[in-house]
Every structure is written in structure tokens, then in C-alpha cells.
Amino acid sequence: MSMAWVARRLALVVPTLFAATIVVFMMIHLAPGDAAQAMLGPMAAGDTLAKLRQDLGLNDPWPTQYARWLSRAVQGDLGRSIRQQLPVAAMVQEKFKNTAILGIVSLTVAVVVGLALGFIAGLNRGSLIDRFVIVLASSGIAIPSFFLALLLSYIFGTRLGWLPSSGMYELQGGGGPGDLARHLILPAIALAAAPIAVVARMTRSSTLEVTSADYVRTARAKGLSESSVTLGHIFKNALIPIIHLLGLQAGVLLSATALVEVVFSWPGIGSLMVDSILTRDLPVTQGCVLAIAAAYALVSVAADMAHAALDPRMHD
Amino acid sequence: MDEQRSRNIEPLSRRRLLKQGAAAAALAATPSLIQPRRNAFAAPSRSVLAQSTPDTLIIGMEAEISSFDPAIMTGTSTFRPVSSMFDMLTNLFDPTTDIKPDLAESWEIAPDAMSVTMKLRPGVKFHDGTDVNADAVVFSFERMLNTKSPDYHGPYAFPPFFYPTYKTSAAVDPMTVKFELTQPDATFFSALVWNTGSIVSPTAAKAAGKDFQNNPIGAGPFKFVSWDKDVKTVMEAFPGYWGGAPKLKTLIWKPIIEEAARFNQLMSGEVDFIVSLYPQFVPAIQANPNLQLIQGPSLHTWWCYLNMHYEPLKNAKVRQALNYAIDKKSLIDNVLKGTAVQSNSWSWPGTWSYEENVMSYDYDLDKAKSLLAEGGYPNGFDLPYLIPESGSGMVAPKEIATAMQADLKKVGVNAQIETMEWISYLTATQQGLDNINGKQYGMCQTSWMNPVADPGLYVEYVSAGQGDKLGENLSYYDNKEYIDLLAQARVNADQAKRAELYKQAQKIFAEDAPWIFMFHSNFVTAARKNVQGIALSPNQNVLHLEKVTKS
């Protein structure tokens, strides 16, 4: 893993972002309606609508509008929201921070729980615990995150009253890390369920594969203790495909946040983006896409780097 | 709820009052007949969730506030919270549909309907201490309607739409303001009740310029404290409010977009009051001892456009048949859970322009069948029917459309429902139903929430436009006599004369049946039991929370 390789991977992030923003810009333009229509709602009489469109610059062809957006964006100016006339950069920055908190916590939960479950199941193939993990993993993948979110919110928030089911902090007098932690539990579980399942399954099969690999047999034959075989050989090598998987799961997680954030009123970038699409507030959508694409691209690079560092076969 | 219902809009028809009295009595009697053994919806007593303090009201709203600047803001979900911070010149106050003094004490519409002169309430101050006077009113309108004003920071969406005939305004004396219009328009005065006509502090707005929305100063009962986008808006009581200091200290407005989540948070006590309620949740609220349903009639109308260019619908008999075929009563009871009343017009029962003797399309299957036969379609026909999946004021569009589809099936009319996302739907229907992506639709649906009982604010827009000025006349309805009546009503300053003209127009419209007349939805809200003093006015765009208390 040379510096040149890292630089090359990072350089690829820029065209990725460019592609993401142009594709999204185009797609929103393909969808019927625009910000002027969204602002006026049913009150969009022909003249008023045409005038507002003209004033907002929405009549220009989309490449012109995109070029205008891009020329400002490269200078760090993401423009102002059409609907609320607030600076997009500030809106996105703040909401992204909240999504990052939720995302990182969920991913950590997914990795720790998923690895533990998968590894234990893999080492105890066919046992009761193995079957339990398989069932859990299948359900985790099968249940859509927004449904699980509603279910958790209803059971633990509404029905039992144990945990808050909306927002990041209490609306009155909240704000500490303990308050944040309480608000994180339900959305983090809803979000982590699918990646837990994927990671557990992958870890299980990877563990099974590694357990019967030649080098493990060799290690045992050398007379190494069972715990050192398990941790030093099996676990470490079983981890390699998981690292790669994590990069992908981070992406899945980012897309699922949009729905989970809406259910739990989590003030993140997912909520912001959904809202901006529904109101055709293009500068805001673009800002969100840019932030999400950048996060995803950087996580992928990081995953590749970790993969390269762990896998001896990738060393130069 | 019984009490709320009896304090309905006045004047209502006697028949409706009697009906409501009977309904209220039946409701009151129900719990004693059927005692629920175990209440599945009761909130747990051991809840550890934080509840708001007694001097704070947390309100769950269906969407985030679009802006705190009256010139920029759009949509009912924004109007409601912002109405707590800004007073308008006039407003509706519980329980009547009469226009009442707010910041204006009295007014006079010129006989030629070319101007409106208003005398302001003396001694009123904005939150920043600035006086509410004629200059402030002139400033508030000039800044959003006069594109040449140095204080104009547009483009704005709503102001030019709500005040198309505004020419200028001027202070006659320090406490008297005169609006001049570009053409005779009796509806301009009514349109002052749109929240867009909120009066802003000129001192604050001049200083803030384009960023007034971050520091909004009005003369309403609550003042702005902070806005944390997608999290909360905090307002605190304005002790100097002209109508007396509010009883609550703090209002917290919380956007909860998801319907079920909003309802769940009311049940768990995380919010005290929700202002948009899916009808399906009504029975659960009525069954819950910790909650109360608060509703009252409102100036809302929900209807279906029938495309009069669509071959089978060219015949009035066929359009009437469809009106008879829909069982509105059953729909109101079962789908809307009693939160609406049947509609026969674009005017509202019991209000000044409503024609009591308008043709009423009560459910009549036989009549529907025979009219269809007379119209040449004894075996029915296919009816492509476009609906939005959600949308402001649309209540429960998919559920309603499905119920209508089942009713139409009984007379052989095959309604083919197609669903679109809200903004796509608005864009698609904008140019009429004849050619939407190459397809002709026979029917679509919409609704309107008026701030005052003046149909002149919307009726021409939704039923009289022609050609490239079609507006929302999606039925392509074109009746010279009808259009003339509406035009005369708009320019006449005399309300009694206007009423006469609107009543005549309603009779013609009902007979021609370019719409399926459906219902007028109530203003439906729900609160925790410990919240008292919520008085809904028929203007759904406004909430009066200054008298609210919590025990």
C-alpha cells in the first residue's frame, strides 16, 4: 500500500462526486414539478407560477442551471435554499453532524454485535446458538428498517414508555451526553439491524471457511494453543472479507438513515434530503447529495486501505 | 368534544345543529353502554418519558415551518405556528365565521370596491416596542408587493397571488390606512385574513432586510425565541399583547412528518397537542382516557373535478349520475370517522353566500342508474382517475378514492385509479386533464382551505378560468351565465348583493355538476386531557393559543 496508491484512490473521489451531483440534478429535473410549483401548491395560477419560475431562474435549461450551481460550488458556495432562502452549506453541515453521530454509533453496534454473533456461530456450527444466529440474521435482513423503526417506536416509546422515540434531545432542559444516548438507542437499533445480520452471516461463513484452511491446520499441528489459533489465525483472517463488506454496509446505512430519521424525527441529513426532494428545493438536495457521496466515497477508500493493511496478499 | 361541537360556527342551519346535538348525545351515552374492559391505547403509568412543564405547550406539526417571514412563508402547516407571532388586520375568532377586528378596529370598503380604508387599534406595540400604526401597515404590504420598494427582497410566491389587485397603500392619518386597488375587487378585504397579510415591525424588518425570517417581530401573543430546523421552534409569551398576556409561558413547535409517529408521540405524552390528524386515528383518541379530540367546522372544501371534455362526461346527466352514485354519508362515517360534513357547493353551509336550496346529491343508486341510462351509458364506462398520494388538505386521498371506486362500480363505472406524488400531481394536472403524458383523464381530486367565508377568494380560480387562463378549472367548465355572475359578485362592494349572485351561481353549478361534490372537512386536532382552552376558529390557517392552560 504505497502513498501513490492512496493518492490515486483519493483522486477518484472527485469525479465520483461530480458524477453523483450531475446525476441527481438530472433526475430531479426529470421528476415533474419544480420549487415554484411546490411553493405555490394548488395556488399555482398560470401567471403567478410563470412569474415565480422566471424570478427564481427555473426556466433555464437544466445544464445551464447545473453549470451555475457548479461554478459556485467549486468556490465553496452551495447557494441558498429556494424555499427558505437560508444558506445551504450551514444547513447541510449541521444536519450531517447529527447523521454522523447516528451512523457511527449504528455501524459500531453492527460491527461489534455482528462479529461476535457470527464468530461464535461459526465456531459452533450446527449448535443451538448457531441456529439462533441464522434465524436472527435472516429476520434482520428481511425486516425493512422503517418498519422496524415504527415497531420499536411503538413498543418502547408509546406502549412501554421506556425510551424517547423522537428527536436527539429532550425539548425542554435536555442536552447532555446521557440525554443523547437515551435518544440514540431506538434509532441505532433500527438502523443497525440489517448490517448486524449481514455482518453476522458473512463472519459465520468466513469463519467456517478459515477454520478448515491449511494454515489453521498447520498452526494447530505446530502445537499452538487453541486460543491463539482462534484469535491469531481464525479471527484475524476471517476479518478480511468483513472489512470490505463494512465499506458497502456504511453505504447501505447511509441510505437507510433517510427513512429511520423520518420515523424518529432525527434531525439529520436524511430528513433534510427527503424534505428537499418533496419540495423540489434543488440547492438543498444537491448539498445533501454532495455530503453523502463524499462520506460514502471516503469510507470506501478507508475500507480499501484497511483491507490492504490486513491482507498479506495485498502487500507489495 | 361534545362541548366543542356545540360551540360550532354560527350561524349554522337548525337542521345541522339538531343533527350534531343528536350525535353528541349518542357519543356521550356510548361509554356507559359499552365499557371497554381493557384499553389497548392507554399510555403506561410507569412511563419515564419526559413530559413538558405546566407552563409549556408542545405542539406536533405535520411539516417543518417553511419560513417565519410572512412574505416568504407558504402552506397551512407554516401559517398555523407563525400565526401565534403575528397579528393581521382582521381575523376569525371562535366561534363565528364573521370577520372580526384584529389590529384594525373598523373598516370601510368603498362603494366602487376600488379601495379599503381601515382604522387601527390604538396603543398596540410590536414585540420590539415599535408602535403599530398606519406606517407599519403600509410598510408590511409595500415590502412584499411593491417590487420597486427598497425593502422588497423577493421574489415571493404568495403575496402576488393573494393580493393581485393591490395598487398601493398610504397613511391617511397616523392610525388610518387606505388600500388602493387596480380594479374593483370586493375580495381584497377578505384576503387580508390570509396569513400573508400579517403586519410586521418596520424597525425590525428594515434592520434585518433579507434575514427578517431569522429575527421575526410581529404583534402577536407570542414572540420568537429560537428555531432549530427539523427539531423545534420556541416562542415565549409576549406580556404586552393587546388582548392580554397569554396564560402559557412557552410554546414549542415540533415537526413530526410521519402520521403514525405524530399520533404515537401524543399518546406517549411527548407532545401535548397535534394539529393534523389522520381520520383513522380518531377512534383510538376517543377511546383513550388521556386524550381529547377537539374539532370544529372549517372553511375547507374537498371535491372531484369531472373532465367535461371526456366523452362520457360531456352529458350533464352522466355527471349528475356520478354525484348520486357516491355514498358520501357512509364515506364520512367510515373513512373520515365523522370529521366532515357533506358538501353541495363551493360555499360552506350556514355562511352568508350559501344557497340553502341548492341541489343536494344524496346517495341514490336507482337515480344514478337511470340517469346513466338516459345519458347513454346504461352499462357504465371506464373512468381514468388521477389522485395524489398525499397533500395539504387532501385528508386521506387514497382511502377516499378507493371508497369512491367501490361506489362507482355499483353503477358499472370502472374508475381506474392512478396515484402520483403530490408535486408531480399538481404539475401534471396544472394544464388540465386532457393530455397528461399523452393520456386523457376523466377525473381528479383536490381541496381548498379558505381563511374566511368568502368564496370569491377561490371560486373563479377553480371553476371559471378558460383557455390559457384556465387556472385550476380542471373540469373545463364553461358557462357564460355562471362566469358573469361570479364576475359581478367579485366587483360588488355590497355583501348582500354578492350573496344573491353567489347563490344564483351555486344553483347553476350544482345542476351542471362539473364536480363530484364531496365534503367539507372539520378542523381536526387532538390534545392530552390536561390541556384546556383550545378554541378552534373556522380558519384552519390560524391557532389561537393565548387562552390555553395546562393542569
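What you see below is based on every heavy atom in this structure, not just the backbone, and it leaves out hydrogens, waters and symmetry mates. Order of the sequence lines sets the chain letters (A, B, ...), proteins ahead of strands, with each chain counted from 1.
Proximity to chain B (any heavy atom under 4.5 Å) is shown, for A/Asn98, by neither the backbone nor the side chain. Contact annotation for A/Arg80: only side-chain heavy atoms (C-beta onward) come within less than 4.5 Å of a heavy atom of chain B. Contacts of B/Phe162 with chain A are made by side-chain atoms alone, with heavy-atom separations under 4.5 Å and no backbone atom involved. Neither the backbone nor the side chain of B/Leu470 comes within contact range of chain A, judged by heavy atoms closer than 4.5 Å. With a threshold of 4.5 angstrom between heavy atoms, B/Asp69 does not approach chain A through any atom at all. Contact of A/Glu94 with chain B is made through the side chain alone, with heavy-atom distances under 4.5 Å. Looking at B/Ile256, the atoms closer than 4.5 Å to chain A (heavy atoms on both sides) sit in the backbone and in the side chain alike. Neither the backbone nor the side chain of B/Pro164 comes within contact range of chain A, judged by heavy atoms closer than 4.5 Å.
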Note to self: Show, in sequence, the C-alpha distance, side-chain angles and deciding distance for A/Lys51 and B/Phe161, and conclude whether the side-chain contact (heavy atoms from CB on, under 4.5 Å) test is met.
What the structure shows: CA-CA 11 Å; A/Lys51 175 83 170 56; B/Phe161 180 74; over 6 Å; no

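For the options B/Asn264, B/Asp230, B/Thr74, heavy-atom pairs under 4.5 Å to chain A are most numerous at B/Asn264. When each of B/Ala63, B/Gly391, B/Ala157, B/Ala261 is checked for heavy-atom pairs under 4.5 Å with chain A, B/Ala157 comes out on top. Of all the listed residues (B/Phe68, B/Trp227, B/Tyr425), the one sharing the greatest number of non-hydrogen pairs under 4.5 Å with chain A is B/Trp227. Contact count versus chain A (heavy atoms, under 4.5 Å) is highest, among B/Gln265, B/Lys210, B/Lys229, B/Met420, for B/Lys229. Interface check for chain A: of the options B/Lys254, B/Glu64, B/Arg262, the most heavy-atom pairs under 4.5 Å are formed by B/Lys254. Chain B forms the most heavy-atom pairs under 4.5 Å with one residue out of A/Val274, A/Leu86, A/Thr279, and that residue is A/Leu86. For the options A/Lys95, A/Met91, A/Met168, heavy-atom pairs under 4.5 Å to chain B are most numerous at A/Lys95.
For A/Arg68, the CZ atom is densely surrounded, since the number of other residues' heavy atoms within 6.0 Å is greater than 12. Within 6.0 Å of atom NZ in B/Lys439, more than 12 heavy atoms from other residues, nucleotides or ligands are found, so the atom counts as buried in its surroundings. The number of heavy-atom neighbours closer than 6.0 Å to CD of A/Gln93, taken from other residues, nucleotides and ligands shown, is 12 or below.
Side-chain N/O atoms of A/Arg280 and B/Ser424 include a donor and acceptor closer than 3.5 Å.
The two residues A/Gly157 and B/Ser268 make their nearest non-hydrogen contact at O-CB, 3.8 Å.
By the 4.5 Å heavy-atom criterion applied to side chains, B/Lys232 and A/Tyr169 are not counted as neighbours.
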